[in-house]
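Below is one structure; the comments refer to it alone.
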Protein chains: 2
Amino acid sequence: MTHQTVSHPARPGLPDDPRANVPAPTPSCPVEITLAALHGRWTTLVIREFLKGDHTFSELREALPDLSDKVLSDRLAHLTNAGILTRHREPGWPPRVHYTLTPHGRSLGPVLQALWDWGSTAPTRHPEDG
Amino acid sequence: MTHQTVSHPARPGLPDDPRANVPAPTPSCPVEITLAALHGRWTTLVIREFLKGDHTFSELREALPDLSDKVLSDRLAHLTNAGILTRHREPGWPPRVHYTLTPHGRSLGPVLQALWDWGSTAPTRHPEDG
DNA sequence: CTGAATCCCTGCCGATACTG
DNA sequence: CAGTATCGGCAGGGATTCAG
């Protein structure tokens with residue numbers, strides 16, 4: 001599709017939705033939901049691997065050698081829980097677990113694209129402040 | 001603008017840019033740059049206030065009563081440092097500091113919109129896992 | 001009024017060792 | 001092979017207090 005049919009408010013980023021009028025960060029805010037899904041180191045890189053195709057645990061380990069087993073396991077559980085991945089354990093030996101991107105997970109593509117686009121147009125960087 | 005003129009790769013979220021082939025999370029990745037800009041609790045809500053218009057320190061305190069002075073100060077410094085806000089100290093008394101969104105900061109609108117849109121289409125939520 | 005300094009508590013991430 | 005259990009370091013964020 002080339003264009004979304006959801007109602008576009010006059011000012012981008014300011015949807016006229018009741019959930020937008022929040023006095024504090026709340027998990028029910030859609031923006032927070034997305035940031036929570038992407039939360040954590042390595043998470044976006046893991047999603048990026050899945051945008052190329054599905055993987056098993058070992059394949060991911062090869063693709064991201066600096067990522068420890070524990071954190072990889074955490075990320076996969078987190079993303080599965082968020083409805084971004086589905087887990088499929090293949091019977092037999094050796095045990096192999098296959099992870100696949102759900103349609104909802106694949107729809108993260110444009111989101112990552114938006115993040116990439118903005119980050120590519122950075123003006124002047126100020127290294128301090130962290 | 002209604003439409004971006006940057007080259008769109010065949011698969012969204014998978015730009016054919018050398019910076020995309022990273023073996024580990026690195027600050028030079030545009031996605032990481034954007035996530036770093038939005039990083040921290042309250043950050044997106046502060047940006048949201050500025051999408052409505054510029055504010056002083058006190059006005060922000062009124063708009064976000066549950067946000068402590070220290071964290072507000074941290075966020076403003078962070079966003080100023082990231083080129084999203086500009087700081088203007090008005091002479092005279094009482095001291096007032098005016099913060100304004102830069103063009104680069106205003107261009108975060110579509111990014112927040114993308115985050116909102118994806119978070120609005122969440123399928124089934126699994127409360128566990130945090 | 002604006003914002004920096006300090007203290008404490010919590011949660012993330014990495015490394016290692018262990019289990020089905 | 002694919003995880004879980006545990007521990008330690010470190011950075012984030014809230015409350016309070018102090019300064020320009």
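Residue numbering restarts at 1 for every chain, and letters A, B, ... go by the order of the sequence lines.
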_Taking any heavy-atom pair under 4.0 Å as a contact, classify B/Trp93: base, sugar-phosphate, or nothing._
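Nothing: the residue B/Trp93, judged by heavy atoms under 4.0 Å, touches no strand.
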_Sugar-phosphate, base or nothing in reach of B/Arg75, heavy atoms under 4.0 Å_ =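 Sugar-phosphate contact only.
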*Taking the six-membered ring for Trp and the single ring otherwise, decide whether the centroids of B/Phe50 and B/His55 are under 6.0 Å apart.*
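Here the rings of B/His55 and B/Phe50 have centres that are less than 6.0 Å from each other.
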*Work out which heavy atom in B/Ala82 is nearest to a heavy atom in B/His104; give both atom names and the distance.*
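Minimum heavy-atom contact is O-ND1, 4.2 Å.
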*Which ones in residues 62-73 of chain B lie close to DNA chain D, meaning a heavy atom under 4.0 Å from one of its atoms?*
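Within residues 62-73 of chain B, the residues near DNA chain D are B/Ser68, B/Lys70, B/Val71.
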Figure out the [atom1]/[atom2] separation between [X] and [N], and round it to whole Å.
{"X": "A/His39", "N": "C/dT10", "atom1": "NE2", "atom2": "P", "answer": "18 Å"}
{"X": "A/Glu90", "N": "C/dG20", "atom1": "CD", "atom2": "P", "answer": "23 Å"}
{"X": "B/Leu45", "N": "D/dG13", "atom1": "CG", "atom2": "P", "answer": "13 Å"}

*Residues in side chain to side chain donor-acceptor pair (under 3.5 Å) with B/Ser107, at least two apart?*
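Listed in chain order: A/Trp118.
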*Evaluate the side-chain contact (heavy atoms from CB on, under 4.5 Å) criterion for residues B/Leu67 and B/Arg61: first the C-alpha distance (whole Å), next the side-chain angles of each, then the deciding distance (0.1 Å), finally the verdict.*
CA-CA 7 Å; B/Leu67 176 53; B/Arg61 247 203 316 225; over 6 Å; no
*Residue closer to the 5' end of DNA chain C, A/Gly40 versus B/Val97 (nearest nucleotide)*: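 In this pair, the answer is B/Val97.
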*For A/Trp42 and for B/Tyr99, find the nucleotide of DNA chain C with the closest heavy atom, then tell me which residue's nucleotide is more 5'.*
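Counting from the 5' end, the first nearest nucleotide belongs to B/Tyr99.
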*Apply the test side-chain contact (heavy atoms from CB on, under 4.5 Å) to residues B/Arg75 and B/Ile47: give CA-CA distance (whole Å), side-chain angles for both, the deciding distance (0.1 Å), then the verdict.*
CA-CA 10 Å; B/Arg75 295 297 170 266; B/Ile47 295 173; over 6 Å; no
